[in-house]
Amino acid sequence: MTDSRAGIRRRRAATAGAAALLVVLGGMATSGCAASPRADEPPQRAKLTFQDELTTSYLRHFTESELEEMPGDYSEPFYVNLAASRVSPGTGQVSTRNIKVTVDTTATKSVTFDTRKREQVCKGVRGLVTCTPKNLKSGDSANVWLFDMRVRRNAEDGPAGPMKITVTGDNTPTIHRTIQLVVGAAELAVREGEGLADVAPGSEVKARPAFGNRGKSGLDDDLSVVVDVKGQATLRRQFSNCRYDKADAPTKAVCTFPRPLPAGAAYETDQSFTATVAETGRQGAITYTVYPAPNTPSSAQLPDSAPRGTGAPLGFRPVDGGLFTTFGRESAHSAVQFLTTRTRDLQVNGFALRGQVGQTNDISVKDLDGYYEGGVFLTLPEGVSLAWHPTGEGHEELYCGYVDEKNRKVLCPAPLIDPPTLRFRIDKRVEGARGTVSVQPDPEHPDPDLTNNTAPITVEYVD
C-alpha cells in the first residue's frame, strides 16, 4: 500500500489518524439566546489576529522567453488572512468596525504592485497601499486579497526588501506584520511516500527524509524538517541537532539546518528517524515536512528549551531527486505509513444508549482505526428500536438498518467516507436491558483473538 499527500501551501491547513474500533455518541444540538449587555457595562471590543504565519514570500522569477510565451503578464496575489474575536471572554458576538489595512512597500525593490483589484477598495499612493475590507464578526475570518505582485523583468534573484503591514479598526487594537519579499522561488519536492504491511508489534519502523529543489531559483534560507509520528508508535530521541516534544517517548522532532538548497539539488538525511511500534499497535505513520525555516508554522515549531537528541547530529547526503514528487514553494510533505499484524485482530468496545423514554437519538458508529472495512453487527437491548431514517441509494449519510427486526438484529454498514449512524428510539424502560455489538472475522485473514470481537450495549435512562 502506498500513500502520498500533496499540497501547494499558499495558506496552511491542516489531518488525523486513530486507534481502535469504537462506537461514540453523537452530541445533541441545543440553542439559546445570548444575554444582552447591561447598560453599565463597557462597550464590547473586538480584536484581529493574523492567521497567516508566513514571514517570507518567495516570488517566481521567469526568463524573458518564458514571459513571451505567457498569454498575459504573470502576477502573484497577496493575501492577508485575518480572524476576529472578542478582546475578553464573554457571551454574544461583537463586530469589528472600519477595518483598514495599510501596506508600506517603500522599502521594496524589483517588485511592482497592482491595486486595480477593487474588491477591497485598495488605493496605492507613493508606496503605501491602503485597503478597507469588510468588517468581521467575532469567530469569523477572511482571506483578504489586497493586490497582485509582479517581478520586474530586469530583477535579480535575492532579497527584495520588507513589506510592513498595519491593521487598524475603530474598536480593535492595532496589529503589525512584516513580510520579507524574495525574488526567486524554489520548488520543493520530496520522495514519494510508502506503505508497510504486516509490521510486527513492538518492532521498529524507519523513515529517511529526502527532498530537493525542482525549481530554477535556489533557496538561500535555512531549512526546517519537522517529523511527526501518528498512531501507536513513538520516536527514538536520536539526533543532537533536533528538538523533541518530550524527553521520553516523543512523537515529534524539529530539525533546522543552516544550509542553502540550490536549484536542482536533492538530499536525503544521512541517518533514518526510528519509530518504535507499541506492543498493541495496529497502525501509524512517520510523516515529515520540509519548510524554508522562516515559514515554519508556529504549530509545527518547538521551543529552544525542548529536549535535544542524545546521539550524533543529523546530516545530509546528495541523492538523485529525479523521481521526487513536486509539492510547492512553501512546504513538501511525505510519509511512511504502516499496518501491523494486529490489524487482523478485530475489536469492538461496548457503549451505552442514552436518552429519555420516547426520545430518538443518533449515535455515530465510527471506525477510529481507519482500517477495518467490514460491517458492525448489533443486537439492540430490549425496549430499544430503530427510528425512521432514509433508506436506499442517493443519501450522503449511511444509517444502520434491520436484518432481523423481530430479534432486534441490526447491521451498521461498512463506512464509505463518514461512519454510519445508528438512529434509535427508547420505547420503554427495561431495567437491566443489554444488547451486543460485534464484528465477524475475515475468513481470509484469521483473527488471532476472538475474545474481543463482542462487547455489551447498555441503556442509560434520562428522567
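When reading the values below, keep in mind they use all heavy atoms of this one structure, side chains included, and skip hydrogens, waters and symmetry mates.
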Residues two or more places apart in sequence or in another chain: which of them pass side chain to side chain donor-acceptor pair (under 3.5 Å) with [X]?
| X | value |
| --- | --- |
| Ser217 | Asp157 |
| His389 | none |
| Asp228 | none |

Listed once per pair and sorted, the disulfide bond (SG atoms under 2.5 Å apart) pairs that draw on residues 203-246, sequence neighbours left out: Cys242-Cys255
Inter- and intrachain pairs under disulfide bond (SG atoms under 2.5 Å apart), touching residues 303-341, at least two apart: none
Contact summary for Arg329 and Leu188, nearest pair of heavy atoms: O-CD1, 3.7 Å
Run the side-chain contact (heavy atoms from CB on, under 4.5 Å) test against [X] and tell me which residues pass, sequence neighbours left out.
| X | answer |
| --- | --- |
| Lys47 | Ser85, Val87, Pro173 |
| Arg308 | Arg243 |
| Ser240 | Pro313 |
| Thr96 | Ala46, Leu48, Ala84, Ile99, Asn135, Leu136, Asn171, Thr172 |

With no hydrogens and no angle check, is any side-chain donor or acceptor of [X] less than 3.5 Å from a backbone partner on [Y]?
| X | Y | value |
| --- | --- | --- |
| Ser138 | Val94 | yes |
| Thr340 | Arg342 | yes |
| Asn295 | Thr56 | yes |

Glu156, CD atom: more than 12 neighbouring heavy atoms under 6.0 Å: no
CG (Leu323) with more than 12 external heavy atoms under 6.0 Å: no
Phe211-Phe316 aromatic ring centre distance below 6.0 Å: yes
Salt bridge (charged side-chain N to carboxylate O under 4.0 Å, His left out) contacts touching residues 267-280 (sequence neighbours left out): Arg191-Glu268, Glu268-Arg317
Residue list, ring-ring contact (aromatic ring centres under 6.0 Å, His included) with Phe273, at least two apart or on another chain: Phe239
Side chain to side chain donor-acceptor pair (under 3.5 Å) assessment of Thr274 paired with Lys206: CA-CA 5 Å; Thr274 302; Lys206 296 182 180 293; 2.9 Å; yes
Sequence neighbours excluded - side-chain hydrogen bond (donor to acceptor under 3.5 Å, both in side chains) pairs with any residue from residues 246-261: Asp245-Thr251
Polar side chain donor-acceptor pair, Gln180 to Thr178, under 3.5 angstrom: no
